[in-house]
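Single-structure report; data block below.
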2 protein chains.
Amino acid sequence: MTTYGPAEAAERSGFSIDTLRYYEREGILPPVARTSAGRRQYSDGDLAMLDFLRCLRDTGMPIERLRRYGELARSDETMPERLALIEEHSAIVEQQIAELERQRARLEEKAAWYREQLDGADSQSA
Amino acid sequence: MTTYGPAEAAERSGFSIDTLRYYEREGILPPVARTSAGRRQYSDGDLAMLDFLRCLRDTGMPIERLRRYGELARSDETMPERLALIEEHSAIVEQQIAELERQRARLEEKAAWYREQLDGADSQSA
DNA sequence: ATGCAACCTGGAGCGCGCACCAGGTCAAGC
DNA sequence: GCTTGACCTGGTGCGCGCTCCAGGTTGCAT
């Protein structure tokens, strides 16, 4: 079973080394295995977890909820709660998307309006 | 021409009174008309501007860019620049939406996986 | 042996986008 | 005329999510 030092874990997960330590302190990531000298050794499982955490973060889940997920993930008795959390979050993301699409339509409207104005100005000046 | 006090402008725009003052200080909103005693009187034009600023904010445009737009909007010679800014932002929003959709697909995958696991556990326990 | 880079901990600092506060002014109803 | 509440300015504080720093250890390469 392969392990990774902090630098490689950071590179593979896309989180900075500081963020990895921060997540561990905050209980988002379960305590990472250490060498006898105290250095972290991230496992493939840790990286998989980080990969999913990145998905959650990128969709705007706040740290507090991330911690909740991290805590739940330490026991495999909590799959229903984790499922519920993910479903809930997915619904939130769906709404975010819908909202962004509405707003983007407004941006496009405004852009179209500007283009009209500019066309008008051009044809006047011609 | 109707005008609105700070409280009503806040209510209509959805920004807080503090935020309205902040935006004005920061040059995002052009200087708002005042009564002889120095109290702000927001015009319909101001509210229209705020409404659009809200659209920009809600789609994640940073304050710095908002200021840029606000500055441009003070002169009507700058419509091409404003158009460009809006088009650029619209493209960014489009990418945000695409990214959120990708991530949401991952969430749904994960949720499906959890549901499978739980179904399995249920049928075992039955 | 020694240099040097990667790692460790605890804690302070930071950038963003407001929110809040003190201390004062103004306007409208009683 | 006096209270009350909305408003003013200038400045400070805050929550989030990291990011950076000091001061010390470890381990590999030469």
Side-chain angles (χ1 to χ4, degrees), chain A residues 2-43 46-47 49-50 52-71 89 92 96 103, chain B residues 2-43 46-47 49-50 52-71 89 92 96 103:
Chain A
T2 326
T3 63
Y4 313 86
E8 195 171 357
E11 191 183 348
R12 288 184 183 243
S13 68
F15 292 112
S16 75
I17 292 182
D18 272 321
T19 299
L20 291 181
R21 286 196 288 244
Y22 168 67
Y23 280 12
E24 195 179 343
R25 271 203 309 277
E26 292 299 307
I28 293 167
L29 201 59
V32 174
R34 306 291 188 114
T35 68
S36 57
R39 303 195 166 192
R40 287 176 183 81
Q41 288 183 298
Y42 294 87
S43 70
D46 290 331
L47 288 191
M49 174 81 169
L50 284 170
F52 188 60
L53 288 175
R54 169 147 288 288
C55 175
L56 296 177
R57 268 316 275 132
D58 287 352
T59 50
M61 181 178 283
I63 290 296
E64 185 55 39
R65 299 285 291 166
L66 236 60
R67 175 176 13 246
R68 176 87 181 124
Y69 181 81
E71 278 165 6
H89 184 59
I92 291 173
Q96 282 180 22
Q103 303 287 28
Chain B
T2 324
T3 63
Y4 313 86
E8 194 170 358
E11 191 183 347
R12 289 186 181 242
S13 68
F15 291 111
S16 75
I17 293 183
D18 271 323
T19 299
L20 292 181
R21 285 196 287 244
Y22 169 68
Y23 279 13
E24 194 178 344
R25 270 205 308 279
E26 292 299 307
I28 293 166
L29 200 60
V32 173
R34 306 293 186 113
T35 69
S36 57
R39 305 196 163 188
R40 287 174 183 81
Q41 287 184 299
Y42 294 87
S43 69
D46 290 332
L47 287 192
M49 175 81 170
L50 284 170
F52 189 59
L53 288 174
R54 170 146 288 286
C55 175
L56 296 177
R57 269 313 277 133
D58 286 352
T59 49
M61 181 179 282
I63 290 295
E64 186 54 40
R65 298 287 288 167
L66 236 60
R67 177 180 6 253
R68 176 86 181 125
Y69 181 81
E71 279 166 5
H89 184 59
I92 291 173
Q96 281 179 23
Q103 303 287 30

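Here is the naming used below: chain letters follow the sequence lines, and residue numbers restart at 1 for every chain.
When the salt bridge (Lys or Arg N to Asp or Glu O under 4.0 Å) test is applied to Arg34(B), the partners found at least two apart in sequence or on another chain are Glu24(B). Every side-chain contact (heavy atoms from CB on, under 4.5 Å) that Pro62(A) has, sequence neighbours left out, goes to Arg65(A). Glu71(B) is linked by a salt bridge (Lys or Arg N to Asp or Glu O under 4.0 Å) to nothing, counting only residues two or more places apart in sequence or in another chain. Considering only residues two or more places apart in sequence or on other chains, Glu26(A) meets the salt bridge (Lys or Arg N to Asp or Glu O under 4.0 Å) condition with Arg67(A). Listed by chain and number, the residues in a salt bridge (Lys or Arg N to Asp or Glu O under 4.0 Å) with Arg21(B) are Asp18(B) (sequence neighbours excluded).
When the side-chain nitrogen and oxygen atoms of Thr19(A) are compared with OP1 and OP2 of dT19(D), one or more of them lie within a distance under 4.0 Å.
In terms of heavy-atom proximity, Met49(B) sits nearest to Pro30(B) at CE-CD, 4.4 Å. The minimum heavy-atom distance linking Pro6(A) with Leu20(A) is given by the pair O-CD1, 4.1 Å. Taking all atoms of both residues into account, the shortest heavy-atom contact from Gln41(B) to Thr3(B) is NE2-OG1, 3.7 Å. The two atoms that bring Ala10(B) and Ser16(B) nearest to each other are CB-C, 4.2 Å, heavy atoms only.
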Side chain to side chain contact (heavy atoms under 4.5 Å, CB included) assessment of Tyr69(A) paired with Leu53(A): CA-CA 9 Å; Tyr69(A) 181 81; Leu53(A) 288 175; 4.2 Å; yes
Side chain to side chain contact (heavy atoms under 4.5 Å, CB included) between Leu56(A) and Gln103(B), intermediate numbers included: CA-CA 8 Å; Leu56(A) 296 177; Gln103(B) 303 287 30; over 6 Å; no
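Separating the CD1 atom in Ile28(A) from the CZ atom in Arg68(A) is a distance of 13.5 Å, to the nearest 0.5 Å. For the atom pair Leu50(A) CG and Leu29(A) CG, the distance stands at 5.0 Å (nearest 0.5 Å). Note: Arg54(B) CZ to Thr59(B) OG1 = 11.0 Å, rounded to the nearest 0.5 Å.
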Set out, line by line, the N/O atom pairs under 3.5 Å between protein and nucleotides 8-10 of chain D.
residue: dC8(D); atom: OP1; partner: Arg40(B); partner atom: N; Å: 2.9
residue: dC8(D); atom: OP1; partner: Arg40(B); partner atom: NH1; Å: 2.8
residue: dC8(D); atom: OP2; partner: Arg21(B); partner atom: NH1; Å: 3.3
residue: dC8(D); atom: OP2; partner: Arg40(B); partner atom: NH1; Å: 3.3
residue: dT9(D); atom: OP1; partner: Arg34(B); partner atom: NH1; Å: 3.3
residue: dT9(D); atom: OP1; partner: Arg34(B); partner atom: NH2; Å: 3.2
residue: dT9(D); atom: OP2; partner: Arg40(B); partner atom: NH1; Å: 3.2
residue: dT9(D); atom: OP2; partner: Arg40(B); partner atom: NH2; Å: 2.9

Contacts under 3.5 Å, N or O only, protein and nucleotides 1-3 of chain D:
none

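Close approach of DNA chain C to chain A, defined as any atom under 4.0 Å from a non-hydrogen atom of the protein, starts and stops at dA6(C) to dT9(C).
With the nearest nucleotide of DNA chain D identified for both Ser36(A) and Tyr22(A), Tyr22(A) has the one nearer the 5' end.
Rounded to whole Å, atom P of dT19(D) lies 11 Å from atom CZ of Phe15(A).
The stretch residues 63-70 of chain A has no heavy atom under 4.0 angstrom from DNA chain C at all. Within residues 54-61 of chain A, the residues having any heavy atom closer than 4.0 Å to DNA chain D are, in order of number, Arg57(A).
Backbone-only contact: Ser16(A) has heavy atoms under 4.0 Å from sugar-phosphate atoms and none from a base.
Listed by first and then second residue, the ring-ring contact (aromatic ring centres under 6.0 Å, His included) pairs that reach into residues 20-43 of chain B are Phe15(B)-Tyr23(B), sequence neighbours excluded.
Axis angle between the ends of the helix from dA1(C)-dT30(D) to dC30(C)-dG1(D), five pairs each and rounded to 10 degrees, works out to 10°.
Arg12(B) places no side-chain N or O within donor-acceptor distance of the main-chain N or O of Leu47(B), the cut-off being under 3.5 Å.
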